[in-house]
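What follows is a single structure, written as structure tokens, with notes after it.
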Amino acid sequence: MRVKTLGQFIIEKQADFQYAKGELSRLLRDIGIAAKIVNREVNKAGLVEILGETGETNVQGEKVKKLDVFANEQFIAALKAGGECCAIASEENEEIIPIDSEVSKNAKYVVAIDPLDGSSNIDVNVSVGTIFAIYRRITLKGGGKNEDFFQRGTEQIAAGYIIYGSSAMLVYTTGKGVNGFTLDPSIGEFCLSHPNLTIPKNGKIYSVNEGNYLHFPDGVKKYIKYCQAEDAATSRPYSSRYIGSGVADIHRNLILGGIYIYPTTTKSPKGKLRLLYECNPLAFIIEQAGGKATDGVKRILEKEITELHQRTPLFIGSEEMVDKAMEFLKASVALESK
Ligand code: AHM
Ligand code: MG
């Protein structure tokens with residue numbers, strides 16, 4: 001069978017965008033190239049002096065690992081050189097990085113990115129990922145500004161993730177379904193391996209950091225107990241699977257069906273994950289695959305965004321599972337307000 005590379009696929013799909021002149025295709029291609037470079041470093045992380053922490057802390061006050069820094073630099077360099085992007089917002093940078101150069105003078109897009117998600121797994125040979133969201137700029141010229149990023153998730157033009165796992169995979173959507181590409185190392189190309197990905201409406205896997213159980217809202221505690229209860233009719237108890245790399249957990253649940261939850265906790269009352277470059281792109285992909293993503297009450301993609309590094313709780317995955325979890329949350333809140 002003839003393989004279809006990411007590059008070929010992107011060009012074929014360009015016709016879907018009435019007014020696009022190939023800029024979005026080039027932007028996706030640039031991201032794909034940086035992903036291959038990052039994958040090469042992730043693969044050899046055990047061999048070279050790139051493992052471990054740099055000693056610096058990022059804007060979230062968390063320790064930064066060397067590979068985070070490397071991945072951040074690679075994506076920024078690729079986007080700057082590509083000429084289609086006028087600003088980048090990254091998990092690793094407190095402020096946006098405006099791009100105002102000769103090559104980018106007609107750039108129409110901004111990119112929000114988590115260059116290396118699941119950084120606590122780098123040192124232990126466990127999958128990590130990259131998450132990205134692409135928006136059309138609202139400002140008119142020069143380097144992009146914060147307001148270009150303060151758009152609801154529904155305004156995303158494209159979103160995707162790369163998982164650096166036993167194989168590297170790039171999964172993306174432009175709002176017309178979701179397609180997955182696996183890196184064939186022998187030819188150095190992402191090849192279409194998972195066309196038209198859809199998430200099962202229901203599943204048997206729940207993914208949540210149960211170590212935080214005592215600090216979860218009551219409704220989440222009750223939903224977890226529901227997942228663990230015996231019930232043949234609904235195939236419970238469900239299996240608990242939690243890698244600690246959001247991309248890997250959500251990718252598995254996309255393929256097999258399941259729910260991933262990162263709720264508010266007493267320690268993180270607004271949740272841990274970030275809306276702009278983690279939850280919005282993941283929500284766009286999962287919705288496009290037929291699933292659902294909410295903050296427990298509201299659709300993630302409709303949330304207003306006022307800060308670059310804004311956090312939100314996240315309930316994402318198979319539609320029926322997310323609905324069930326939200327039922328428990330609603331019942332609990334109703335009980336508390338009595
Ligand atoms: P990171 O961007 O600093 O790696 O944090 C995001 C990650 C997610 O990938 C993962 O699901 C979650 O944080 C794990 O958090 P915890 O260790 O609190 O369970
Ligand atoms: Mg992250």
Side-chain angles (χ1 to χ4, degrees), residues 35 38 42 45 51-54 56-72 74-76 88-94 111-133 159-165 169 171 205-217 220 224 240-254 258-286 293 295 300 307-317:
V38 171
V42 170
L51 278 175
E53 292 158 11
T54 57
E56 293 164 28
T57 49
N58 71 7
V59 288
Q60 329 283 343
E62 295 151 351
K63 283 193 176 159
V64 175
K65 308 272 174 155
K66 282 185 191 171
L67 257 179
D68 302 29
V69 176
F70 178 84
N72 197 34
Q74 287 305 320
F75 284 105
I76 292 171
I88 303 164
S90 163
E91 177 176 340
E92 299 295 339
N93 300 88
E94 188 155 9
V111 176
I113 191 159
D114 181 354
L116 211 69
D117 183 57
S119 40
S120 66
N121 282 322
I122 296 170
D123 285 354
V124 290
N125 214 350
V126 171
S127 301
V128 286
T130 295
I131 313 171
F132 62 90
Y161 61 76
I162 297 110
I163 173 168
Y164 309 101
M169 257 192 95
V171 174
I205 294 173
Y206 72 103
S207 313
V208 61
N209 184 346
E210 284 187 74
N212 294 329
Y213 183 86
L214 291 178
H215 305 283
F216 287 158
V220 174
I224 292 174
S240 159
R241 293 279 183 276
Y242 190 73
I243 297 169
S245 277
V247 170
D249 276 309
I250 290 167
H251 179 70
R252 181 207 48 240
N253 291 356
L254 164 60
I259 184 170
Y260 170 98
I261 302 176
Y262 210 111
T264 58
T265 62
T266 33
K267 218 168 60 197
S268 315
K270 293 181 172 161
K272 175 187 176 188
L273 302 181
R274 296 72 164 191
L275 181 58
L276 179 61
Y277 42 78
E278 291 178 324
C279 299
N280 268 338
L282 292 169
F284 189 22
I285 295 164
I286 291 298
D295 65 0
I300 289 287
E307 285 170 44
L308 280 184
H309 300 285
Q310 190 169 321
R311 295 178 193 262
T312 173
L314 178 65
F315 296 73
I316 188 167

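In listed order, ligands and their atoms are each counted from 1.
Counting heavy atoms closer than 4.0 Å to ligand 1, residue Asp249 contributes nothing at all. Contacts between Arg274 and ligand 1 below 4.0 angstrom, taking non-hydrogen atoms only, involve the side chain exclusively. If you look at Ser119 next to ligand 1, the close heavy atoms, those under 4.0 Å, come from the backbone and the side chain alike.
Taking the six-membered ring where the residue is Trp, Phe216 and Tyr213 present perpendicular rings, their angle passing 60° and hence far from 30°. The aromatic rings of Tyr161 and His251 sit perpendicular to each other, their planes meeting at more than 60°, with 30° as the lower class boundary.
Between Glu91 and ligand 1, a contact under 3.5 Å exists for at least one N or O pair. Looking at ligand 1, you'll find an N or O of Gly118 within less than 3.5 Å of one of its N or O atoms.
Ile131 places a side-chain heavy atom less than 4.5 Å from the side chain of Val247. Between Leu273 and Tyr260, the closest side-chain pair of non-hydrogen atoms falls below 4.5 Å. Taking 4.5 Å as the limit, some side-chain heavy atom of Thr264 sits within range of a side-chain heavy atom of Pro217. Side-chain contact between Ser268 and Arg311 is absent, with no heavy atoms from C-beta onward closer than 4.5 Å. The shortest distance between side-chain heavy atoms of Leu116 and Asn72 does not fall below 4.5 Å.
Atom numbering of ligand 1 starts at 1 in the shown order; those under 4.0 Å from a heavy atom of Asp114 are 2 (O). When each atom of ligand 1 is checked for a heavy atom of Tyr242 under 4.0 Å away, the hits are 11 (O), 12 (C), 14 (C), 15 (O), 16 (P), 19 (O). Of all atoms in ligand 1, listed by their number and element, those nearer than 4.0 Å to a heavy atom of Asn209 are 16 (P), 18 (O), 19 (O). The Tyr260 neighbourhood of ligand 1 comprises atoms 10 (C), 11 (O), 12 (C), with distances under 4.0 Å to a heavy atom of that residue. Within ligand 1, the atoms closer than 4.0 Å to a non-hydrogen atom of Glu278 are 2 (O), 6 (C), numbered from 1 in the order shown.
For atom 1 (P) of ligand 1, the nearest non-hydrogen atom from the set Leu116, Asp117, Leu314 comes from Asp117.
Note: angle at the Mg ion (ligand 2), from OE2 of Glu278 to OD1 of Asp117, is 100° (rounded to 10 degrees).
Taking the Mg ion (ligand 2) as reference, Asp114 places its N/O/S atom OD2 nearest. Counting just the N/O/S atoms of Glu91, the one with the shortest distance to the Mg ion (ligand 2) is named OE1.
Thr312 and Arg274 form no side-chain donor-acceptor contact under 3.5 Å, judged by distance and modelled atom types alone. Using modelled atom types and a 3.5 Å distance limit, the side chains of His215 and Thr266 yield a donor-acceptor pair.
Not a single heavy atom of Val128 sits under 4.0 Å from any atom of ligand 1.
Here the OG-CD1 distance, from Ser245 to Ile163, works out to 7.5 Å after rounding to the nearest 0.5 Å.
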